[in-house]
Amino acid sequence: MTRVAVVGGGIAGLAAALRVRELAPDAEVVVLEATDRVGGKLRQQEVAGLTIDVGAEAMLARRPEGVALAHAAGLGDELVHPAAGVGAGIWTRGAVRPLPPTVQGIPSDLEALAASGILAEAPVSHPAPAPADDVSVAEFVTERVGQDVLDRLVEPLLGGVYAGRPERLSLQAAAPQVAALAPDLLAGAAAARERTYQQPDAGPVFACVRGGMGRLPGAVAAASGAQVRTGAPVRDLVRHGDGWRLTIGPAHDLDELDADLVVVATPGAATSRLLAELAPEAAFALADVEYGSMAIASLVLDGEVEGVGTGFLVPAVEGTAIKASTFSSHKWPWVAEMAPGRTVLRTSMGRVGDSTLLGLTDGQVVERSLADLTAAVGPLPPLLDAHVQRWGSALPQYDVGHLARVDVVERSVAEVAGLEVCGAAYRGIGIPAVVANAHAAVDRLLATA
Ligand SMILES: Cc1cc2nc3c(=O)[nH]c(=O)nc-3n(C[C@H](O)[C@H](O)[C@H](O)COP(=O)(O)OP(=O)(O)OC[C@H]3O[C@@H](n4cnc5c(N)ncnc54)[C@H](O)[C@@H]3O)c2cc1C
């Protein structure tokens with residue numbers, strides 16, 4: 001029987017395990033996870049007696065892969081969507097202002113933008129064709145629609161996803177929808193909006209699982225039928241006959257596992273270490289992918305907060321401690337139902353290259369969150385409980401040239417029979433993109449086995 005070892009029990013590794021089960025039902029699948037739990041960036045925690053997400057809290061529903069994974073894991077009937085009629089905002093120029101429709105931050109409705117007051121002056125378009133080579137998001141956007149659109153719309157939207165800086169972020173990898181609007185970004189965004197109006201209802205943009213995204217990993221693991229070993233860091237991966245030998249475990253208690261095929265679904269640095277001898281070019285390219293750190297402070301307040309929608313983003317130019325806040329009990333009906341009369345919310349802090357977080361205790365993260373929230377939305381009800389989840393080196397930075405780097409990784413790995421890689425380091429960090437990447441890796445692996 002073919003044995004497939006999956007290294008890393010985040011959503012990429014688990015989606016890969018389930019894909020193997022679907023395509024090769026007779027294979028034995030073993031998932032090896034370094035920590036004591038599967039899920040990686042999907043994680044839950046009890047705060048004030050409520051179980052809530054402290055990592056990823058939603059997935060794009062306009063791409064099929066995340067939602068399909070939930071169905072395949074038996075959670076299809078438990079998919080939920082954000083509350084209708086409540087929107088997000090941008091905290092800028094002294095107020096939380098409604099976020100007008102945009103394409104990755106490029107305004108698509110100039111009237112709504114003007115009414116929001118996010119920009120002091122209406123943006124002006126300077127059409128220019130998209131460059132053949134990759135450039136930074138900042139360079140592309142400022143040249144065509146000005147610094148203010150970059151600072152107050154594009155940066156906060158991308159910063160929320162990547163914890164990155166637009167001066168470094170790759171246009172092609174991090175903002176392909178913006179690239180596609182060229183040459184005239186404002187006209188292109190307006191046309192894109194017009195097209196979505198003409199389409200039959202595409203359904204909600206985001207989805208979650210009732211009870212939280214943190215339920216998904218366990219369900220996927222169970223559906224995969226894989227043997228899941230936690231507390232099993234893979235330290236080494238070497239050729240053994242036609243297959244592989246993996247060295248697992250803490251240094252004082254090493255174990256070995258032999259496998260025919262291997263999927264490495266770990267973050268860039270760990271993958272780079274494992275591939276150093278096997279695929280040096282890939283290891284080298286992956287070592288170049290920097291990761292951003294952030295923290296999520298989850299807060300439960302003893303009372304309602306009026307006059308704020310599902311939350312807000314904060315442009316870096318505002319200089320606040322928090323970069324975003326999600327009012328989970330406004331956004332998700334399932335959260336509101338489990339916390340009547342309370343407000344459940346979270347703030348996020350941390351941008352790549354900013355080490356402020358390192359110097360703050362968890363208590364200070366909460367204090368700064370509360371201070372910023374009060375400045376944004378006014379006095380808050382008393383704090384019942386708080387939890388700070390630090391996500392060190394968690395978000396891969398898709399710097400200029402990222403896709404060329406990924407091509408190098410994929411070519412180099414393709415030369416090694418019986419080995420594949422997948423995860424957030426490659427072609428998208430959102431859950432559906434990561435799942436798609438895992439599926440593609442398994443499809444290649446089994447096709448050549
Ligand atoms: C705070 C935060 C909020 C986010 N919010 C959203 C959101 O709302 N929606 C969305 O779509 N995306 C969101 N994302 C992004 C998304 O969650 C991640 O990109 C995705 O979950 C990454 O999955 P992964 O499996 O590639 O990596 P990971 O989740 O990092 O999993 C990798 C796993 O490999 C394990 N590992 C590492 N080294 C080894 C080793 N040597 N041996 C064995 N195991 C190892 C790790 O312990 C980990 O469990 C968020 C990310 C963060 C950090």
Side-chain angles (χ1 to χ4, degrees), residues 5-17 30-43 45 53-63 65-67 69 82 160-163 205-209 212-214 216-217 220-221 228-237 246-250 257 262-275 289 291-298 311 323-324 326 328 331-332 346-350 388-396 398 421-438 441:
V6 177
V7 184
I11 202 65
L14 297 171
V30 185
V31 175
L32 301 157
E33 164 55 40
T35 68
D36 61 358
R37 40 168 284 282
V38 292
K41 276 41 177 215
L42 278 65
R43 182 185 184 124
Q45 180 70 36
D53 286 321
V54 294
E57 54 96 44
M59 60 182 166
L60 205 55
R62 292 268 169 92
R63 274 189 72 148
E65 299 90 346
V67 166
L69 184 70
V161 179
Y162 292 94
V205 179
F206 291 105
C208 183
V209 175
M213 288 304 298
L216 186 61
V220 177
V228 177
R229 288 177 59 181
T230 53
V234 174
R235 305 201 162 266
D236 201 13
L237 173 64
L246 296 91
T247 307
I248 305 161
L257 178 85
V262 173
V263 180
V264 179
T266 51
T271 308
S272 176
R273 277 194 297 276
L274 289 173
L275 300 189
V289 179
Y291 275 65
S293 298
M294 61 184 292
I296 299 281
S298 300
K323 60 174 190 172
T326 302
S328 313
K331 180 172 179 180
W332 300 109
R346 63 193 222 157
T347 63
S348 59
M349 281 189 200
V388 175
Q389 179 70 47
R390 289 175 190 264
W391 291 105
S393 298
L395 291 161
Y398 288 4
V421 295
C422 62
Y426 307 99
R427 298 189 180 275
I429 74 170
I431 291 163
V434 169
V435 171
N437 192 248

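All ligand and atom numbering here is 1-based and tracks the order in the structure.
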Atoms in ligand 1 with a heavy atom of [X] nearer than 4.0 Å:
X: Ala270; result: 38 (N)
X: Gly423; result: 26 (O)
X: Gly55; result: 3 (C)
X: Thr35; result: 47 (O)
X: Leu32; result: 43 (C), 44 (N)
X: Ala424; result: 19 (O), 22 (C), 26 (O)
X: Val7; result: 42 (N), 43 (C)
X: Gly430; result: 11 (O), 12 (N)

[X], any N or O under 3.5 Å of ligand 1 N or O:
X: Ala58; value: yes
X: Ala12; value: yes
X: Val234; value: yes
X: Ile11; value: yes

Side chain, backbone, both or neither: the part of [X] lying under 4.0 Å from ligand 1 by heavy atom:
X: Ala265; result: backbone
X: Val161; result: neither
X: Ala34; result: both
X: Leu395; result: side chain
X: Leu274; result: neither

Taking Asn437 for the side chain and Gly423 for the main chain, is one N or O donor matched with an acceptor at less than 3.5 Å?
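At least one qualifying donor-acceptor pair exists.
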Any salt bridge linking Glu57 with Arg346? Criterion: basic side-chain nitrogen under 4.0 Å from a carboxylate oxygen.
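Salt bridge flag = no for Arg346 with Glu57.
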Nearest-contact summary for [atom] - protein heavy atom, Å:
atom: atom 34 (O) of ligand 1; result: Gly8 CA, 3.4 Å
atom: atom 36 (N) of ligand 1; result: Thr266 CG2, 3.7 Å
atom: atom 21 (O) of ligand 1; result: Leu42 CD1, 3.5 Å
atom: atom 19 (O) of ligand 1; result: Ile429 O, 2.5 Å
atom: atom 31 (O) of ligand 1; result: Gly10 CA, 3.3 Å

[atom1]/[X] to [atom2]/[Y] distance, rounded to the nearest 0.5 angstrom?
X: Arg229; Y: Leu257; atom1: CZ; atom2: CG; value: 6.0 Å
X: Asp53; Y: Trp332; atom1: CG; atom2: CH2; value: 9.0 Å
X: Glu33; Y: Leu14; atom1: CD; atom2: CG; value: 8.0 Å
X: Gln389; Y: Lys41; atom1: CD; atom2: NZ; value: 10.5 Å
X: Met349; Y: Ile296; atom1: CE; atom2: CD1; value: 10.5 Å
X: Lys323; Y: Thr347; atom1: NZ; atom2: OG1; value: 10.5 Å

Protein heavy atoms near atom 5 (N) of ligand 1, is at least one of them under 4.0 angstrom away?
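When distances to the protein are checked, atom 5 (N) of ligand 1 has a heavy atom within 4.0 Å.
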Please examine the side chains of [Y] and [X], heavy atoms only from C-beta on, and report whether any two atoms are closer than 4.5 Å.
X: Arg37; Y: Arg43; value: yes
X: Trp391; Y: Ser293; value: no
X: Ile431; Y: Leu69; value: no
X: Thr266; Y: Arg273; value: no
X: Val205; Y: Leu60; value: yes
X: Val7; Y: Leu237; value: no

My understanding is that we take every heavy atom of each candidate and find the minimum distance to [atom]. Doing that for [options], which one comes out nearest?
atom: atom 11 (O) of ligand 1; options: Thr271, Val6, Ile431; answer: Ile431
atom: atom 29 (O) of ligand 1; options: Glu33, Glu57, Lys41, Gln389; answer: Lys41
atom: atom 50 (C) of ligand 1; options: Gly350, Pro396, Ala56; answer: Ala56

Closest non-hydrogen atom pair between Tyr162 and Pro396, with its separation
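Tyr162 and Pro396 have their closest heavy atoms at CD2-O, 3.9 Å.
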